Amino acid sequence: MRFSKRFIAPALDAEVKALSTLTATERKRFEALVNKYDAALSLELTKLKEAILEETR
């Protein structure tokens, strides 16, 4: 609990403050880009996992 109060909570507060500097339009654009990045990263990690599994067969 002390660790969370000392490090996690301040980091989350900083993130909220940083995101609040964006306009609503910027936040929507940011969310769309993060979602696109997340989908692309998930695909690449799936490919990597499949390649590793194939190598171990």
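Note that the coordinates shown come from a computational prediction; the quantities given were computed from them, not determined experimentally.
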Can you list every pair that meets ring-ring contact (aromatic ring centres under 6.0 Å, His included) and has a residue in residues 7-57, with sequence neighbours left out?
F3-F7

Separation of S20 OG from R27 CZ (nearest 0.5 Å):
8.0 Å

Does D38 reach the main-chain N or O of V34 with its side chain, forming a donor-acceptor pair under 3.5 Å?
no

Using side-chain heavy atoms (C-beta onward) and a distance below 4.5 Å, is L48 in contact with E44?
no

Salt bridge between K47 and E50, side-chain N to carboxylate O under 4.0 Å?
no

Euclidean distance, T23 OG1 relative to K28 NZ, rounded to 0.5 Å:
9.5 Å

Donor-acceptor contact below 3.5 Å, side chain S4 vs main chain M1
no

Which value, rounded to the nearest 0.5 Å, describes the distance between E26 atom CD and T21 atom OG1?
7.5 Å

For a 4.5 angstrom cut-off between non-hydrogen side-chain atoms, does L12 reach E15?
yes

